[in-house]
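Below: one structure, written as structure tokens.
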Number of protein chains: 2
Amino acid sequence: MVGSVWLTSGKGRKSRESGLDRDTIVAAAVRLLDAQGDVSMRALAGELNVTPMSMYWYVANKSDLLEFALDAVAGEIELPEADDDWQVELRALAQAWRRTMVGHPWAIRHYGDYLNIGPKSMRFTRHAQAVVGRSPLSQADQAAALSAVFQYVYGFAMNESRWLEYGRKTGRTVDEFVDDVAKSVAEVPWVSVKSGVVDQKNRQSIAEQRDRDFDRALDWLLAGMVTPSRSRHSASDPDGR
Amino acid sequence: MVGSVWLTSGKGRKSRESGLDRDTIVAAAVRLLDAQGDVSMRALAGELNVTPMSMYWYVANKSDLLEFALDAVAGEIELPEADDDWQVELRALAQAWRRTMVGHPWAIRHYGDYLNIGPKSMRFTRHAQAVVGRSPLSQADQAAALSAVFQYVYGFAMNESRWLEYGRKTGRTVDEFVDDVAKSVAEVPWVSVKSGVVDQKNRQSIAEQRDRDFDRALDWLLAGMVTPSRSRHSASDPDGR
DNA sequence: ACCTGAACACCGTTCAAGT
DNA sequence: ACCTGAACACCGTTCAAGT
């Protein structure tokens, strides 16, 4: 946990004989993870028609493989085009990150296990830093703002990903599941929409509701950053630079 | 994933012969998890001087055991005393949750796997709902506010827990680790304090810095909730009740 | 009602050997 | 330089059997 291939790096070479190389292995891993939510080295080898141990020529171990897979996914994040309002651009960036993570629900489960310093991950991070870099915040506050936003986004996306994986595995919709649970427990605290409270006729799709919830809390956070604070933690750093 | 013992519930009974019962097993599991970050059924049985399979009389499987362990941890959360300002109380509640989670870094890794509807978890949730219930927000906004806050707290605590577990496992401090990585990569995006930027003489303890970061973003979020919004997502629900 | 031992079907990975 | 097969040290869990 929290080691990194990228610190030691290594073999990106191509095999002449078989079709095997690191990118192929990583791509197959992503495919299996998307489909099953999980990979075993043995299953992956089966998918590639090779021996499990042959892959160990290209990756040191399973942990490394997952780190490569995560960086591959990071490469899918669409960087939004520049906007004069840094908050607008930051919001778009957060949305893009969420979109990608939710597209590979397994990714966020492993996200915290690594430093995420692969080339694709760094491309994203650098872009994000550039966006807050254009804000009027002090340099210390820029880092804090970025952390805050992505901690929220991370929490939201983790939640969302779990539901999606659950749905994929059981073939049931979230609605059905919530109704089921509501039969057993009086309160259902972990969904903002309480069962029965929303009337059926203008019920929105769960996905739309989630989008709105996501954006709204993000707006709260962004608004709070630029609001003169009434509490003991000021938004401007005393020794900010 | 996302099933729940609490929906089917069951055996809370006590064995007369041996000292074994569910609470003992769960308590031992928590102890091992705290110490190692992980449990195996076999190791747990060893700890209790019983056969692995004997525990299956009290828990259906490992997943159930973890769900019980999580609820036990939820029981440790200190509910703050009432405060006239609902935001002050909500902040205290978030801090208490974080404190407990960080005290058992493994807990948050498993948190999303369950519905968290055990008795101790529900006690916390109900308290939290009561706190936002005293806010001037519409009922729909109350739920959204609660979700937003705890999504942020979850993201923060997850991050923090990883570092703590990493520290425990390697016996190195976060400072040392950051310095090491900084030698290999130019940028260290996932810490707000860039290595070298903070001068040594008024360097705060990392823990204090984390506390401040946590509180500050929480304040931003809370401030944003009660700020008239300038964006397309209004803070008051059109059909709020 | 409670506990056991043997066995099954998995894992990731080491290691020595092949080409 | 690349790939293999056998083996090791683990898992969680089933199942039939004991008391």
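The shown structure was predicted, so the numbers you read here are calculated from the model rather than taken from an experiment. Side chains are part of it too, since the values below use all heavy atoms of this structure and drop only hydrogens, waters and symmetry mates. Reminder, nothing fancy here: chain letters follow the sequence lines and each chain counts from 1.
- Counting heavy atoms from C-beta on, the side chains of B:Leu44 and B:Leu65 come closer than 4.5 Å.
- Between B:Phe156 and A:Phe150, the distance from one ring center to the other does not fall under 6.0 angstrom.
- In this structure, B:Leu20 places its CG atom 16 Å from P of C:dA1, rounding to the nearest Å.
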Can A:Met53 and A:Tyr56 be said to form a side-chain contact (heavy atoms from CB on, under 4.5 Å), step by step? CA-CA 5 Å; A:Met53 288 316 299; A:Tyr56 282 80; 3.6 Å; yes
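- Residues of residues 30-37 of chain A that place a heavy atom closer than 4.0 Å to DNA chain C do not occur.
- Considering only side-chain N and O atoms, B:Ser54 lies nowhere under 4.0 angstrom from the phosphate OP1 or OP2 of C:dC3.
- A close approach under 4.0 Å does not occur between any side-chain nitrogen or oxygen of A:Trp57 and OP1 or OP2 of D:dC3.
- Inspection of the B:Gln95 and B:Asp215 side chains reveals an N or O donor paired with an N or O acceptor under 3.5 Å.
- Separating the OH atom of A:Tyr58 from the P atom of D:dA1 is a distance of 12 Å, rounded to the nearest angstrom.
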B/S/- along nucleotides 8-15 of chain D (protein heavy atoms under 4.0 Å) is ---BBBBB
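- Using a cutoff of 4.0 Å between basic side-chain nitrogens and carboxylate oxygens, A:Lys120 and A:Glu76 are not scored as salt-bridged.
- Closest approach of B:Val153 and B:Ala94 over heavy atoms only: CG2-CB, 3.8 Å.
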How would DNA chain C look in dot-bracket form, 5' to 3', counting Watson-Crick and G-U wobble pairs with both distances under 3.5 Å and writing | for bases paired to another strand? ||.|||||...|||||.||
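- Looking at B:Arg162 and B:Glu165, no side-chain N of the basic residue comes within less than 4.0 Å of a carboxylate O on the acidic one, giving no salt bridge.
- Within the 4.5 Å cutoff, no side-chain heavy atoms of A:Asp71 are placed close to those of A:Ile117.
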Determine whether B:Trp106 and B:Asp34 satisfy the following criterion, side-chain hydrogen bond (donor to acceptor under 3.5 Å, both in side chains), listing intermediate values before the conclusion. CA-CA 7 Å; B:Trp106 53 272; B:Asp34 284 346; 2.7 Å; yes
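- In this structure, B:Trp6 has its ring center under 6.0 Å from that of B:Phe68.
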